[in-house]
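Everything on this sheet refers to the single structure shown next.
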Amino acid sequence: ILNVEQSPQSLHVQEGDSTNFTCSFPSSNFYALHWYRWETAKSPEALFVMTLNGDEKKKGRISATLNTKEGYSYLYIKGSQPEDSATYLCAFQGGSEKLVFGKGTKLTVNP
Amino acid sequence: DTEVTQTPKHLVMGMTNKKSLKCEQHMGHRAMYWYKQKAKKPPELMFVYSYEKLSINESVPSRFSPECPNSSLLNLHLHALQPEDSALYLCASSQAGFRTEAFFGQGTRLTVV
């Protein structure tokens with residue numbers, strides 16, 4: 001059984017705080033690691049697709065790193081804003097079109 | 001247009017009913033997916049269509065029957081469902097092949113009574 005773990009399960013931060021969360025995944029048969037943001041009542045939205053060990057990607061205040069040898073990825077949010085409140089999902093892709101999702105980290109940013 | 005449109009948004013059906021979920025995209029994507037998500041669990045893959053052919057079936061019970069009539073449309077036909085099939089059903093699409101981002105619809109919230 002393929003296991004994708006995310007921590008923490010939930011996180012409450014104040015506006016302006018920087019935060020980060022973790023996704024761990026199998027280190028074998030790696031093709032890609034996806035990050036999605038899912039706001040309530042909306043569709044999950046892709047943030048990053050990461051493929052190379054050591055990859056770092058950035059979109060505005062959000063960035064992500066990837067370590068395929070040890071099987072983890074970090075997502076960072078700098079200067080959190082209330083509109084960043086969402087569930088952040090990572091998904092492992094290994095050798096097929098199938099994405100295996102973690103349970104997500106639910107982020108709440110308090111004004 | 002980067003939207004994946006799913007209809008209906010909500011569906012309540014009895015265990016003897018037959019219904020269909022629909023999904024549409026106009027991004028030229030050749031891979032389309034059905035995922036199922038139950039409360040407090042991650043989305044789980046059910047089916048993948050690649051170039052209108054079924055490429056992955058994750059051992060889904062036959063009461064769920066997918067159909068891809070053309071490259072823009074994906075249906076999920078439902079028959080004789082059980083209450084435990086109540087869940088959010090998400091459709092997604094992507095460029096064919098691996099390592100490409102998936103675009104998701106908002107989902108259909110299905111309740112089986």
Side-chain angles (χ1 to χ4, degrees), chain A residues 1-10 21 23-26 29-53 55 57 59 62 64 66 68 73 75 86-106, chain B residues 1-7 9-10 23-25 27 29-60 68 74 87-109:
Chain A
I1 294 177
L2 213 152
N3 229 13
V4 177
E5 301 283 348
Q6 289 189 248
S7 62
Q9 273 191 324
S10 66
F21 15 97
C23 172
S24 62
F25 53 86
N29 201 28
F30 175 88
Y31 268 62
L33 192 282
H34 298 230
W35 281 101
Y36 291 85
R37 174 169 61 199
W38 196 355
E39 294 179 65
T40 304
K42 294 193 175 179
S43 318
E45 174 198 355
L47 291 171
F48 306 112
V49 179
M50 309 184 77
T51 57
L52 297 175
N53 185 41
D55 231 356
K57 295 209 172 186
K59 188 185 276 191
I62 304 178
L66 180 69
T68 59
S73 175
L75 190 80
T87 296
Y88 290 83
L89 292 166
C90 69
F92 170 82
Q93 189 171 31
S96 77
E97 294 135 321
K98 177 178 178 177
L99 293 179
V100 179
F101 283 88
K103 287 187 180 179
T105 293
K106 184 173 181 180
Chain B
D1 181 4
T2 57
E3 267 194 14
V4 174
T5 304
Q6 287 188 245
T7 55
K9 288 194 169 24
H10 300 273
C23 175
E24 192 167 1
Q25 56 88 15
M27 293 177 276
H29 290 167
R30 302 310 295 271
M32 294 187 77
Y33 312 78
W34 281 113
Y35 284 86
K36 173 181 177 179
Q37 194 209 18
K38 296 199 65 116
K40 300 192 190 299
K41 297 273 181 99
E44 289 183 354
L45 183 69
M46 301 174 73
F47 302 104
V48 180
Y49 273 83
S50 183
Y51 292 93
E52 293 110 71
K53 288 189 175 10
L54 184 65
S55 60
I56 297 178
N57 175 344
E58 288 285 299
S59 302
V60 179
C68 189
L74 184 66
L88 180 70
Y89 288 84
L90 288 163
C91 172
S93 70
S94 71
Q95 309 263 7
F98 311 154
R99 304 184 174 120
T100 58
E101 65 184 288
F103 290 76
F104 284 84
Q106 283 190 276
T108 294
R109 175 73 60 189

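Here is how names work: the chains are called A, B, and so on, in the same order as the sequence lines, proteins then strands, and each is numbered from 1.
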Contact part of [X] toward chain B, heavy-atom cut-off under 4.5 Å: side chain, backbone, both or neither?
X: A:Gln93; value: side chain
X: A:Tyr36; value: side chain
X: A:Ser96; value: both
X: A:Ala91; value: neither
X: A:Leu47; value: neither

Pairwise distance CE(B:Met46) to CD(B:Gln37) - rounded to 0.5 angstrom: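 The distance works out to 13.0 Å.
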Euclidean distance, B:Leu45 CG relative to A:Phe101 CZ, rounded to 0.5 Å: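 Here the interatomic distance stands at 9.0 Å.
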Option among B:Tyr35, B:Tyr89, B:Tyr33 that satisfies the ring pair (Phe, Tyr, Trp, His ring centres under 6.0 Å) test with B:Phe104: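 Testing B:Phe104 for a ring pair (Phe, Tyr, Trp, His ring centres under 6.0 Å) against B:Tyr35, B:Tyr89, B:Tyr33 leaves exactly one candidate, B:Tyr35.
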Side chain / backbone / both / neither for B:Phe103 at chain A, heavy atoms under 4.5 Å: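 Interface part for B:Phe103: neither.
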Chain A contact via B:Ser94 - which portion, at a heavy-atom distance below 4.5 Å: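 Neither the backbone nor the side chain of B:Ser94 comes within 4.5 Å of chain A.
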Contact winner vs chain A - B:Lys40, B:Arg109, B:Glu58, heavy-atom pairs under 4.5 Å: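 The answer is B:Glu58.
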Looking at every heavy atom in both [X] and [Y], which two are closest together, and how far apart are they?
X: A:Lys59; Y: A:Ala46; value: NZ-O, 3.5 Å
X: B:Gln6; Y: B:Gly107; value: OE1-N, 3.0 Å
X: A:Phe92; Y: A:Pro26; value: CE1-O, 3.5 Å
X: A:Ser7; Y: A:Phe21; value: O-CB, 3.3 Å

For chain B, the option from A:Gly104, A:Gly102, A:Pro44, A:Gly95 that forms the most heavy-atom pairs under 4.5 Å: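 Among A:Gly104, A:Gly102, A:Pro44, A:Gly95, the one with the most close pairs to chain B is A:Pro44.
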